[in-house]
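The chain is numbered in sequence order, starting from 1. Keep in mind that this is a model prediction, so the values were computed, not measured.
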Amino acid sequence: WEWLGSNNQWGSLEKKFRTREMAYLAAITAAGGVPLFIRTKGDLPPLSFPVVGSLNGVHLYASNMKTSLLSCLNGGAKVVWKCFYESITLILVTSAVTMTDTLLHHLLDLVFNAMVLLLGLHELENVTNVERLKKDLKCCYPLIDHLLQGSSMMSPLTQTVDIIALKDASILASSVEAFAEASQSNYGCLSVQGRICVATESWWKLSTLEMTLLSLLLSSLPPAACHDIPIYLPKASSKVAHRLLIFTLLEGVQFCVLCGPDPPLKTVQALIGDYWSGLVDALKACAHTFPRCVPMSLNLDPSILAFCLVNLDSRRSVTSLKPSTASDSHRTALSAGFQGEMDPLKRFSCLSKFYTTVVDNLFPLEGRQQEQVEVPPPTSPPTSTLHETLPHKIVETYICAKRYKAYAVHKEQYNLFVLFGMTTPTFALKKMTSDLFLLLTQEGVV
């Protein structure tokens, strides 16, 4: 690290990493150390080949010494490595030094499996033509950038599936089943802004990893009336392609079908009016649920800026970035006036930072199955997290930041993370979080 720190570019980058949220992601062939791509987050200059070579050289040296190098801290940056099938090595350099190795390695898993989703495992596990692979990987850039830049979905962090909880989804559910059957498929899904609203039973049987990547793929695609994309399911069918048909029913509302070579896209597209024309009002109501993401009938305290409820058993989560509605205006808000100063993207940023600070540090990853395609190396966890060293179990925690306050609860199979305005009294956080937890769990939103 002393040699790497003496590199001029690394020294200048380290200063930026201390003050901003930035990251580099590099994919390199494990055998020859040839860069396949380098993606960035934030205003960063291109990463020079000597720095890439140095980062890969450190990992290669450790491997030759029969040691697994998983992560390292260097000033304001954290570096993590992971090799997949002894074929491709992913290197992530990030300013998110508070994120645990478990969460960062899961991000690398998602990146690699995003490549599997669009290219197939056979193209990645045995690289024979590097230049052709570089060209083929370009189709993965939008999805990889979506993962790296961060979306308004918590699923890449929570390792669950983001959903929208509807009050009554029975009408939509019957149409989803019927339209999927008419498309010669058992796999159908209705989504709003990439979040699952209603899906067939077979769709829910896909792995959490696959459902997460498919949802993120929807969010990363350019707007269009329809898409017909060949994909590989990383867990169920990593070497045999399927077709993902995507139809835009309303702005932000999409229906997805997983099918084989038949039927043709135009044939399925012609059926849309037969199954959905009579449900326009229901689809509009479904679309208007975002970004609240929970039924409008739930009365939530206007002091709550955002929340994320995670069900570790069902592997589902719901994230609300605008819980309060116009009907709440007559109610007295403890943080009156502050909610309008923080837009949904800023709320998501604060909520996700709070999540990464708490989970795997204070809250254990109980019940979370790391669904990965590749066989991980037989290594021990990098370090012991705080919750593993304490004689008691942590079930609640909170923070008071400059612009917000946040409270978290770990109870039964649930994790709840709530964001409040900075003027909310600290003594009220526990009671308001407990009330919200009781309301959401009794309604069974996840």
Side-chain angles (χ1 to χ4, degrees), residues 114 117-118 139-140 142-143 146 151-153 155 161-166 168-207 209-234 236-237 240-291 293 316:
L117 182 77
L118 296 175
C139 70
C140 305
L143 180 53
H146 203 58
S151 61
S152 59
M153 291 193 289
S155 53
V161 182
D162 266 304
I163 69 167
I164 288 182
L166 302 178
D168 184 12
S170 57
I171 298 178
L172 292 173
S174 60
S175 294
V176 167
E177 292 281 355
F179 189 56
E181 184 178 352
S183 305
Q184 303 178 26
S185 173
N186 295 323
Y187 298 86
C189 168
L190 181 69
S191 70
V192 173
Q193 302 294 338
R195 294 154 179 80
I196 298 178
C197 292
V198 184
T200 62
E201 183 179 353
S202 296
W203 188 280
W204 285 119
K205 289 181 179 179
L206 296 173
S207 70
L209 170 69
E210 291 165 345
M211 286 189 285
T212 297
L213 287 175
L214 290 173
S215 294
L216 291 169
L217 179 61
L218 291 180
S219 301
S220 66
L221 292 174
C226 58
H227 295 274
D228 188 346
I229 305 172
I231 65 163
Y232 300 81
L233 298 175
S237 179
V240 178
H242 292 74
R243 292 167 64 213
L244 177 65
L245 307 184
I246 305 170
F247 304 96
T248 301
L249 305 180
L250 294 175
E251 184 178 358
V253 182
Q254 297 172 307
F255 187 85
C256 309
V257 179
L258 271 176
C259 61
D262 294 320
L265 177 64
K266 290 184 178 180
T267 302
V268 181
Q269 191 174 12
L271 300 174
I272 293 178
D274 298 337
Y275 289 89
W276 298 105
S277 59
L279 297 173
V280 174
D281 291 338
L283 292 174
K284 287 182 178 179
C286 187
H288 291 158
T289 308
F290 179 83
C293 297
R316 303 179 190 180

- Is the backbone of S202 close enough, under 3.5 Å, to the side chain of N186 for a donor and an acceptor to pair up by distance? no

- Task: To the nearest 0.5 Å, tell me how far I231 CD1 sits from L118 CG.
- Result: 8.0 Å

- Message: Is it the case that the side chain of R316 and the backbone of V161 share a donor-acceptor pair, with hydrogens and angles ignored and the cut-off at 3.5 Å?
- Response: no

- Task: Can you measure from CG (L244) to SG (C259) and round to the nearest 0.5 angstrom?
- Result: 8.5 Å

- Euclidean distance, L190 CG relative to T200 OG1, rounded to 0.5 Å: 11.5 Å

- Query: Under 3.5 Å, is there a donor-acceptor pair between the side chain of T267 and the main chain of P263?
  - Reply: no

- Message: Other residues, nucleotides and ligands only: do more than 12 of their heavy atoms fall within 6.0 Å of CD1 on I171?
- Response: no

- Query: Which atom pair, heavy atoms only, marks the closest approach of C226 to F247?
  - Reply: CB-CD2, 3.8 Å

- Message: For L117 versus P234, what's the shortest heavy-atom pair and its separation?
- Response: CD1-CD, 4.1 Å

- Main-chain N/O of P230 paired with R243 side-chain donor or acceptor, under 3.5 Å: no

- Close aromatic pair by centroid cut-off 6.0 Å: W276 and F255: yes

- Item | Sidechain-backbone polar pair: S220 side chain, H146 backbone, donor-acceptor under 3.5 Å | no

- Task: Check whether more than 12 heavy atoms from other residues, nucleotides or ligands sit under 6.0 Å from atom CD of Q269, and answer yes or no.
- Result: yes

- Message: Has T289 got a side-chain atom pairing as donor or acceptor with A285's backbone, closer than 3.5 angstrom?
- Response: yes

- Is the closest side-chain donor-acceptor distance between S174 and E177 under 3.5 Å? no

- Query: Quick check: are there more than 12 heavy atoms from other residues, nucleotides or ligands sitting under 6.0 Å from CZ of F179?
  - Reply: yes

- Under 3.5 Å donor-acceptor, S215 side chain and R195 backbone: no

- Query: Under the 3.5 angstrom rule, does the side chain of S185 hit a backbone N or O of L258 as a donor-acceptor pair?
  - Reply: yes

- Might you work through the side chain to side chain contact (heavy atoms under 4.5 Å, CB included) test for K205 and Y187, ending with a clear yes or no? CA-CA 9 Å; K205 289 181 179 179; Y187 298 86; 5.9 Å; no

- CG-OG distance between L206 and S237, expressed to the nearest 0.5 angstrom: 11.0 Å

